[in-house]
Amino acid sequence: MRIATWNVNSLRTRIDRVIAWLERTGTDVLAIQETKATDAKFPVEPFTQAGYQVARHGISQWNGVAIVSRVGLAEVEIGLPRCPPFGDPPVIEARAIGARCGDVTVWSLYVPNGREIDHPHYSYKLEWLAALRDMGAARLAADSTALIALCGDFNVAPQDDDVWDMAAFEGRTHVTQPERDAFQAVVDAGFADLVRPYAPGPGVYTFWDYQQLRFPKKEGMRIDFLLGSAALQAATVGAHIDREERKGKGASDHAPVVIDVDRPAPIVAVPPGAAIVEPTGSTGHGEGDVQLW
DNA sequence: ATGCCATCAAGGTGATGA
């Protein structure tokens, strides 16, 4: 089965491109970030028409994550346990959603940007990554053989080769040691980078800024990742970054990142009335309510 | 060619992104 992650930078703006990409590439499960759509405004119908079920989480025009699947979609979870809030008033933002697709548990994750090193968003980013690490560690403690994919825009470049010019990032976020340590802590919890072995650098990126001809000049950043549990790593047989999708009018500034997994992926017909899969149980993250743990 | 900032809600601009 084929699993991908993609920061689409507005799903409604790019819905035709996303559907065409899914159909062209035969992707079974797509983790989407930056939908920039509330649940009510999420474009469900195009995915249903293409044979995908939808789980989405959006509470404002910012952030927003989703998982679409044509191989089953169940056990939907909204948000991370003990997720830190941000802002005034504090809000637990729409940055995480998980679901079981076939026998793989897939998470779509949009890690906070951090903005500037001295900005509150930066410490929020580090706390958010710690909450992600804790969730991943807990899941593997409960079942060390679980097939788990942590997919998304991590907003961290873990290695110097993951940006086109380290000098350009002096004093900036995404490359600082605390951010890299927080990313590595997720890896150390038992989640390996499934893509890098198949797409080694240098010069291999997943994001290119719209400004300053960054894409044609090949000046990008590797900040989108598919991290997998040991069992998923063992089942992964290929991976790539689809930089072709960054080309042309109306492209997202991020490229899709793809893994191929040697697991059965029977296409599941969308059950009548089950185009949208709502979360099972309560995680306390519904409809913008704020809970401080 | 890959091409010179884009998205949202709200409003005619500011916040956000990286």
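Predicted model, so just to flag it, every value in this text is computed and none were measured. All values below come from the heavy atoms of this structure, side chains included, with hydrogens, waters and symmetry mates left out. Protein chains get the first letters and strands the later ones, always in sequence-line order, with residue 1 at the start of each.
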S.K.: What's A:D153 touching, base or sugar-phosphate or nothing? Going by heavy atoms closer than 4.0 Å.
M.R.: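 Contact class for A:D153: sugar-phosphate only.
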
S.K.: Measure CG/A:D224 against P/B:dG17 and give the value in whole Å, please.
M.R.: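 After rounding, the reported distance stands at 15 Å.
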
S.K.: Using atom C1' in both nucleotides, what's the gap between B:dT16 and B:dA10 to the nearest angstrom?
M.R.: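 It works out to 15 Å between them.
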
S.K.: Could you check whether atom CZ of A:R172 has more than 12 heavy atoms from other residues, nucleotides or ligands sitting under 6.0 Å from it?
M.R.: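 Result for CZ/A:R172: open.
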
S.K.: Within the 4.0 Å heavy-atom criterion, would you say A:F169 contacts the bases, only the backbone, or no part of the nucleic acid?
M.R.: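 It contacts nothing in the nucleic acid.
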
S.K.: Using a 4.0 Å heavy-atom cut-off across all strands, classify A:E244 as base, sugar-phosphate, or nothing.
M.R.: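 Answer is nothing: A:E244 stays at 4.0 Å or more from every strand.
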
S.K.: Under the ring pair (Phe, Tyr, Trp, His ring centres under 6.0 Å) rule, collect the residues that match up with A:F207, sequence neighbours excluded.
M.R.: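 A:F207 satisfies ring pair (Phe, Tyr, Trp, His ring centres under 6.0 Å) with A:H254 only.
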
S.K.: Can you spot which of A:D153, A:N7, A:T5 makes a side chain to side chain donor-acceptor pair (under 3.5 Å) with A:Q33?
M.R.: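 Filter result, single survivor: A:T5.
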
S.K.: Roughly, in whole Å, what's the span from CG in A:D88 to C1' in B:dA15?
M.R.: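 Atom-to-atom, A:D88 to B:dA15, this comes out as 16 Å.
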
S.K.: Just call it for A:D253: base, sugar-phosphate, or nothing, with non-hydrogen atoms closer than 4.0 Å on any strand.
M.R.: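 Here A:D253 touches no strand at all.
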
S.K.: Check the distance between B:dA18's P and A:I117's CD1 and give it to me in whole angstrom.
M.R.: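 After rounding, the reported distance stands at 16 Å.
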
S.K.: Treating primed atoms plus P, OP1 and OP2 as sugar-phosphate and everything else as base, which nucleotides of nucleotides 3-13 of chain B get B, S or - for protein heavy atoms under 4.0 Å?
M.R.: BBBSBBS----

S.K.: Check whether any side-chain nitrogen or oxygen of A:H174 sits under 4.0 Å from OP1 or OP2 of B:dG17, and answer yes or no.
M.R.: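 No, outside the criterion.
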
S.K.: How is A:R243 classified with respect to the nucleic acid when contacts are heavy atoms under 4.0 Å: base, sugar-phosphate, or nothing?
M.R.: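 Here A:R243 touches no strand at all.
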
S.K.: Using the P atom in both, what is the distance from B:dC8 to B:dA18, to the nearest Å?
M.R.: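 Here B:dC8 and B:dA18 have their P atoms 15 Å from each other.
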
S.K.: Should A:Y110 be listed as having a side-chain N or O under 4.0 Å from OP1 or OP2 of B:dA18?
M.R.: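 It does, given that an N or O in the side chain of A:Y110 lies less than 4.0 Å from OP1 or OP2 of B:dA18.
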
S.K.: In this structure, how many angstroms lie between the C1' atom of B:dG17 and the CZ atom of A:R172, rounded?
M.R.: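 To the nearest whole Å, that distance equals 11 Å.
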
S.K.: In whole angstroms, how far is the P atom of B:dA18 from the CE atom of A:M166?
M.R.: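 A:M166 atom CE is separated from B:dA18 atom P by 18 Å.
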
S.K.: Output a table of donor-acceptor pairs, distance under 3.5 Å, between side-chain atoms of residues 272-279 of chain A and any protein atom two or more places apart or on a different chain; print 'none' if there are none.
M.R.:
none

S.K.: Just jot down the side chain to side chain contact (heavy atoms under 4.5 Å, CB included) partners of A:E219, sequence neighbours excluded, or say none.
M.R.: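 Checked A:E219 against side chain to side chain contact (heavy atoms under 4.5 Å, CB included); matches are A:W164, A:R214, A:K217.
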
S.K.: Just how far, in rounded Å, is P of B:dA15 from CG of A:N63?
M.R.: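 Answer to the nearest Å: 17 Å.
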
S.K.: Can you name the residues that form a ring pair (Phe, Tyr, Trp, His ring centres under 6.0 Å) with A:H121, not counting sequence neighbours?
M.R.: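 Counting only residues at least two positions away or on another chain, A:H121 forms a ring pair (Phe, Tyr, Trp, His ring centres under 6.0 Å) with A:F86, A:Y124.
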
S.K.: Just jot down the ring pair (Phe, Tyr, Trp, His ring centres under 6.0 Å) partners of A:F215, sequence neighbours excluded, or say none.
M.R.: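 In terms of ring pair (Phe, Tyr, Trp, His ring centres under 6.0 Å), with neighbours along the sequence ignored, A:F215 is linked to A:W208.
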
